[in-house]
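Worksheet: one structure, shown below.
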Amino acid sequence: MSKKQDIIVVGAGVVGICCAASLRRDGHHVTLVDKGLPAKSTSFGNAGAFAVTEILPLSEPGILKKVPGWLLDPLGPLAIKWRYLPGLMPWLLRFLAAGRPAKVQQITQGMHALLARAETDLLTLVQTPALLSQWHKHGALTLYDSQKALDADNAKWQRKRQHGWACETLTPEALHACAPMLNGQITHAVHTPAWSFVDDPYLFSKGIAEQAFREGVSWIQSEVSGFLQKEGRVVGVRLASGSVMHADQVVVATGVWSGELAKSLGYNVPLESERGYHVTLPNAGVRLDKFLISAAGGFVILPMGNGAIRIAGTVELASKHAPETWARAKVLIGKARQLIGDFNTEGAEFWMGNRPALPDTLPVISAAPRHPNVTFAFGHGHLGLTLGATTGQLVANLMAGNPAGFDYAPYAINRF
Ligand SMILES: Cc1cc2nc3c(=O)[nH]c(=O)nc-3n(C[C@H](O)[C@H](O)[C@H](O)COP(=O)(O)OP(=O)(O)OC[C@H]3O[C@@H](n4cnc5c(N)ncnc54)[C@H](O)[C@@H]3O)c2cc1C
């Protein structure tokens with residue numbers, strides 16, 4: 001695709017925003033379309049981390065051993081809304097299959113190929129001082145309450161080291177020297193210096209959108225109800241209002257809602273929601289400069305600046321339409337106190353978001369096999385912020401004929 005094209009990007013989450021920005025930089029006429037406002041869905045309330053060492057599939061064998069124990073606690077790191085289980089079974093079976101050793105190796109390579117370039121792609125995309133000042137390269141600490149708990153994760157850390165990621169095991173003394181606010185029960189940690197985080201993922205993603213608009217991306221707020229086709233070729237999109245928009249190319253980046261749009265073109269993808277929660281404490285009064293990860297609790301603590309923190313995480317497998325389980329967000333406060341002691345909860349804000357999850361953890365970054373002018377970019381699960389810029393760059397390269405010779409096969413939509 002050498003000539004400049006009219007491109008519609010559907011979905012203004014962090015993934016769609018980054019796709020629109022990269023395509024515009026390639027000189028295309030780009031329109032970003034969303035039923036809501038930029039970065040107001042899942043990209044609004046995530047934990048703000050560039051979790052670049054997360055190369056292993058979520059179904060890696062170590063995790064599976066922990067699942068039965070987790071499920072006994074309805075407010076633990078993982079919960080299933082049991083009513084939804086029959087509908088979820090096909091996804092769960094594929095998730096289990098992705099945990100076989102040969103598959104784990106394949107998926108790890110696919111994730112590493114994306115994550116190894118994430119910081120470079122973000123630096124290429126984000127150039128304004130206002131955005132760069134929100135991004136902190138301070139690393140993360142994964143926290144354990146015993147040597148035994150740390151040892152249980154040893155194979156996981158080894159695998160990351162084998163891929164070149166620094167994962168530094170800290171002695172209790174070193175840990176408390178670098179994170180003095182930690183409760184004495186936390187005795188061990190692994191430091192991953194390559195991690196970074198932003199003060200507020202909504203403001204950061206919105207900032208990238210504003211940069212893209214300044215660079216010439218157009219914006220339309222409307223729901224896309226389907227594709228406009230002519231002689232088997234997609235020539236634009238239909239809007240819920242009844243009007244149509246013509247385009248040479250369409251990018252589908254609608255997060256957890258992408259399954260319906262893909263299906264309308266005949267592509268069935270096992271996309272489910274891994275719902276996660278956060279509580280944001282604007283006046284917590286906690287001084288933190290590292291991103292904290294509770295290895296046992298399945299939650300993280302984001303330092304948001306000026307004493308504010310966000311406690312986020314856990315997985316709830318349920319329909320994206322199911323009502324929120326706010327107790328899962330509220331319980332995060334008590335869990336965080338076990339790590340960092342007391343803090344002020346005045347002004348606490350609770351939130352739930354739908355991580356767009358594919359069972360093998362890899363996202364879809366793929367041309368539509370039977371519709372050459374449609375590209376899919378969704379299914380980033382726990383890593384949409386981390387991989388937004390990379391996905392945008394890869395989508396732009398794919399449309400430009402893959403000048404860098406990147407292997408897109410692991411992310412193909414027809415791999416299932
Ligand atoms: C609790 C929690 C913590 C997380 N922490 C992190 C983290 O620290 N680091 C990280 O990298 N990731 C994290 N994630 C994951 C990350 O938030 C997601 O992967 C990411 O936001 C997905 O972005 P997206 O653009 O694909 O989807 P979304 O942000 O959901 O955007 C999709 C957009 O598509 C629009 N849309 C849908 N259907 C249509 C339609 N038919 N017409 C028009 N518009 C439509 C929606 O309105 C929405 O704006 C976390 C997620 C959760 C829930």
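Order of listing sets the numbers, starting from 1, for every ligand and every atom in it.
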Nearest heavy atom to atom 14 (N) of ligand 1, choosing from N46, V300, V52, V9, belongs to N46
Would A49 count as a polar contact of ligand 1, with the cut-off being nitrogen or oxygen pairs under 3.5 Å? yes
For E272, is there an ion pair with K320 - N to carboxylate O distance below 4.0 angstrom? no
Can you tell me how far apart CD (E60) and CG (D153) are? Round to the nearest 0.5 Å. 7.5 Å
Proximal ligand 1 atoms for G353, defined as those under 4.0 Å from one of its heavy atoms: 53 (C)
Logged contact type for Y277 with ligand 1, heavy-atom cut-off 4.0 Å, is backbone
If you look only at distance, which donor and acceptor atoms sit under 3.5 Å apart when one is on a side chain in residues 85-99 and the other is two or more places apart or in another chain?
| residue | atom | partner | partner atom | Å |
| --- | --- | --- | --- | --- |
| W91 | NE1 | P270 | O | 3.4 |
| W91 | NE1 | A357 | O | 3.1 |

Residue, atom and distance of the protein heavy atom nearest atom 43 (C) of ligand 1 read K35 N, 3.3 Å
Select the closest option to atom 37 (C) of ligand 1 among L32, T42, T254, judged by heavy-atom distance. T254
When the ring planes of H112 and W165 are compared, do they come out parallel, tilted or perpendicular, using 30° and 60° as the limits? perpendicular
Can you check whether L387 has an N/O within less than 3.5 Å of an N/O in ligand 1? no
Hey, is ligand 1 close enough to T386 that some N/O pair sits below 3.5 Å? yes
Please confirm whether V224 comes within less than 3.5 Å of ligand 1 when only nitrogen or oxygen atoms on both sides are compared. yes
4.0 Å heavy-atom contact, A240 with ligand 1: no
Could you tell me whether the side chain of T31 reaches within less than 4.5 Å of the side chain of V33, counting heavy atoms only? yes
Do K103 and D360 sit within salt-bridge range, that is, some charged N less than 4.0 Å from a carboxylate O? no
Just to be sure I'm reading this right: ignoring hydrogens, which of G384, A357, S43, G388 gets closest to atom 21 (O) of ligand 1? Compare them by their nearest heavy atoms. S43
So, using side chain to side chain contact (heavy atoms under 4.5 Å, CB included) as the criterion, who are the partners of D121 when residues are at least two apart? R117, A389, T390, Q393
Is it true that E119 and K137 make a salt bridge, defined as a side-chain N closer than 4.0 Å to a carboxylate O? yes
With a 6.0 Å cut-off on the ring centroids, do F204 and Y202 count as close? no
Step-by-step side-chain contact (heavy atoms from CB on, under 4.5 Å) determination, V279 to W351: CA-CA 6 Å; V279 51; W351 173 88; over 6 Å; no
Only one of F227, F376, Y267 passes ring pair (Phe, Tyr, Trp, His ring centres under 6.0 Å) with H371, and that residue is Y267
Among non-hydrogen protein atoms, atom 27 (O) of ligand 1 lies closest to G255 CA, 3.5 Å
Identify, for atom 31 (O) of ligand 1, the protein heavy atom at the shortest distance, and state residue, atom and that distance. G13 CA, 3.3 Å
Looking only at distance, does V14 have an N or O less than 3.5 Å from an N or O of ligand 1? yes
What's the shortest distance from atom 5 (N) of ligand 1 to any protein heavy atom, and which residue and atom give it? A47 N, 2.9 Å
Pairs of nitrogen or oxygen atoms closer than 3.5 Å, one from L385 and one from ligand 1: do any exist? yes
Please report whether ligand 1 has a polar contact with G381, defined as an N or O pair separated by less than 3.5 Å (distance criterion only). yes
Residue and atom name of the nearest protein heavy atom (relative to atom 33 (C) of ligand 1), distance in Å to one decimal: D34 OD2, 3.4 Å
Enumerated ligand 1 atoms positioned under 4.0 Å from heavy atoms of S222: 43 (C)
Electrostatic pair E210-R214, nearest N-O below 4.0 angstrom: no
Students often mix this up, so state it plainly: with edges at 30° and 60°, are the rings of Y277 and W326 parallel, tilted or perpendicular? perpendicular
Please state which part of H382 comes within less than 4.0 Å of ligand 1, counting heavy atoms only: side chain, backbone, both or neither. backbone
If you measure every N or O of F291 against every N or O of ligand 1, does any of those distances drop under 3.5 Å? no
So if I count the atoms of ligand 1 from 1 in the order they appear, which ones are less than 4.0 Å from some heavy atom of S41? 30 (O), 46 (C), 47 (O), 48 (C), 49 (O)
Which atoms of ligand 1 have any heavy atom of L383 under 4.0 Å away? 10 (C), 11 (O), 12 (N)
Between E316 and R275, does any side-chain N to carboxylate O distance fall below 4.0 Å? yes
Atom 24 (P) of ligand 1: the protein heavy-atom neighbour that sits closest, reported with distance to 0.1 Å: V15 CG2, 3.9 Å
Give a yes/no verdict on whether any heavy atom in R355 is under 4.0 Å from an atom of ligand 1. yes
Heavy-atom distances under 4.0 Å are what count here, so tell me which part of S258 touches ligand 1: side chain, backbone, both or neither. neither
Between W157 and Y144, how do the two ring planes meet: parallel, tilted or perpendicular, split at 30° and 60°? perpendicular
